[in-house]
> 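The structure is given below, and queries will be raised subsequently.
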Amino acid sequence: MQSESETSVRLRFAPSPTGYPHLGNIRTALFNWFFARHHGGKFILRIEDTDIARKVEGAVEVILDSLRWLGLDWDEGPYFQSQRLPIYHEIARKLLEEGRAYLCYCSPERLDTMRQEQTKRKQPPKYDRHCRDLTQQERTRLEATGITPVIRFKTPLEGETNFHDLIYGQITFKHDTLDDFVLLKSDSYPTYHLANIVDDHLMSISHVLRAEEWLSSTPRHVLLYQALNWQPPQFAHLPMILGPDRAKLSKRHGATNINEYQKQGYLPDAMINFLALLGWSIDDRTELLSKEELIKHFSLERVGKTAAIFNKDKLEWMNGVYLRKLSLGEFVQQAMPFLDRELPESVRRPLDENYVSEVLSLIQERAKTLAEVPQLASFFFLDELQYDTGLFLKRKMDAKSAAEAITIASRKLEKVATWDAATLEGILRLLATELNLGTGEFFGLLRVAVTGRTAAPPLFQTMAVLGKVKCLKRFDMALQLLSTCL
RNA sequence: GCCCCCAUCGUCUAGCGGCCUAGGACAUCAGCCUUUCAAGCUGAAGAUCAGGGGUCCGAAUCCCCUUGGGGGCACCA
């Protein structure tokens, strides 16, 4: 019994190209994908491009790219609803002929003033069913005007619709709170309600996982399935992802589009892991899960009902974990495009891969995102550092003794033959003792000279990677600067 | 205004009647490690389980009310 139903598991992700996919959209795609893969079913991609006015150029490509980036592969599609118009027309006509729908000639202006008045009277804005029961005479008169009518669904006036949601349970809507919604627009495109259920049926979708914002339109969909004598799919509404202000995710929340996270240097697997935990959990402690583990353990029973607020701090932490888990080779490969793009033009291209690799071995555990890498590593690549005098003088030493310490260190280092971290450490530790300086103080001073900053990777490794020539040159530059402070 | 949904630390969450004097993670703070930063380790603080009624021997867990939050109410999806 189980295996029989497993073979017919068909999920779909059905975005509309009216914008770029945001975290909520992607989370929905992800859960659909998890569910399909968990059950060995199919994952279908369908583009719901029925709103020509709001269509955003290039959005489809961004959607596909985002899914590819995350590794959410699909088995069918993408189907485009704009290419299936005749199908919707046929169904709409059928509904019309069977008396389950009707032509409506009301102008947008009339509908608008109607709604305004309803709102003013604190009534729920609903279509007043003006055209639902037109006489034959009225109909012919309106047809003669040349107005292109829309097709509206004839919602039952009484009774109620129940359905079972896999996550929210039994849901009931009274028919008198619904109105006669539009099925086919006057531009001959179907509305979401029509196109969505027609395609879900025709594509044999078994489970509809979508955001909770759709919960209140589900009775309409159920009514449509009934009118067409079709078996509705199983519905599972997913809790919303909200912005920090607890409102629906939108542009004003800053980075919400998934491609921005790609640009900021988040890893697909970290993104997936993080998003999976927004509304779903495996147990009371496990946080880090691979894609494979997520597929294996995903279950609707463990999806919660409460909206989640997107918490960027945790995403950053998780991305850092994933970054550190990468092999050095993988990390270099991932970070290279960021370095190439962000490092100043003065840095010679192409970047030397061996050198980059040595540098990044010191950066890897310090980066939370790939976008931070160029900034963390820049001093390894620049010829001249922009020193901030304050960083030298902030220390306990005055400019004179600082310059002396650097001079002595520089002289000593000039004679070093084997330039590696261990050798450098031996020499400089000894020197610190000789100079009667604390290691923190002495190494800190040298760090500023070598890197131009107070926070950097370990000094000796940094110097080893940088090489003798560059280090000595930086000592000179630091001394020059210090001499102006004397 | 009407309809629907939801309600555990700041945030993500565990909890599906007794294991809870409520567990984990992020963030925060402190200590350790240490040449700085990061990472790591240890610890602290942080939720009278929104409030009030029930049910029950026993409730964060079940029921009702209140409050709060969210979503929907287009020829948008």
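All figures in this text were calculated on a predicted structure; none of them were measured in a lab. Proteins get letters first, then strands, A, B, ... in listed order; numbering begins at 1 in each.
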> Check this for me: A/Glu434, atom CD, are more than 12 non-hydrogen atoms of other residues, nucleotides or ligands nearer than 6.0 Å?
yes
> Where the side chain of A/Ala308 is defined as all heavy atoms beyond and including C-beta, which of B/U13, B/G40, B/C4 is the nearest nucleotide?
B/U13
> Base contacts versus sugar-phosphate-only contacts with protein, heavy atoms under 4.0 Å: please encode nucleotides 23-30 of chain B as B, S and - from 5' to 3'.
BBBBS---
> Using ring-ring contact (aromatic ring centres under 6.0 Å, His included) as the criterion, point out the one residue from A/Tyr127, A/Tyr102, A/Phe153 that pairs with A/Phe181.
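Only match with A/Phe181 under ring-ring contact (aromatic ring centres under 6.0 Å, His included): A/Phe153.
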> Map A/Ala456 and A/Asp245 onto RNA chain B by nearest heavy atom, then report which one ends up closer to the 5' terminus.
A/Ala456
> Between A/Arg453 and A/Asp388 (salt bridge meaning N to carboxylate O under 4.0 Å), is one present in this structure?
no
> What is the per-nucleotide protein-contact pattern of nucleotides 71-77 of chain B, from the 5' end, where B denotes a base atom under 4.0 Å from a protein heavy atom, S denotes such proximity for sugar-phosphate atoms only, and - denotes neither?
SSBSBBB
> For B/C32, give the paired nucleotide (Watson-Crick: N1-N3 plus N6-O4 or O6-N4; G-U: N1-O2 and O6-N3; both under 3.5 Å), or none.
B/G40
> Check whether any side-chain N or O of A/Arg121 sits under 4.0 Å from OP1 or OP2 of B/C2, and answer yes or no.
no
> Evaluate whether atom NZ of A/Lys174 has more than 12 neighbouring non-hydrogen atoms of other residues, nucleotides or ligands under 6.0 angstrom away.
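It does not: A/Lys174 NZ has 12 such atoms or fewer within range.
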> Pick the closest RNA chain B nucleotide for A/Ala367 and for A/Gln170 by heavy atoms, then say which residue is nearer the 5' end.
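In this pair, the answer is A/Gln170.
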> Taking the six-membered ring for Trp, is the centroid-to-centroid distance between A/Phe274 and A/Phe310 below 6.0 Å?
yes
> Over all heavy atoms of both residues, which pair between A/Asp199 and A/Gln81 is shortest? Give the atoms and the distance, please.
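Looking at all heavy atoms of both residues, the closest pair is OD2-NE2, 2.9 Å.
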> Check this for me, if you would: do A/Arg129 and A/Asp179 make a salt bridge, where the nitrogen-to-carboxylate-oxygen distance has to be below 4.0 angstrom?
no
> Tell me the partner of B/C16, counting only Watson-Crick (N1-N3 plus N6-O4 or O6-N4) or G-U wobble (N1-O2 and O6-N3) with both under 3.5 Å; none if nothing fits.
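Partner of B/C16: none.
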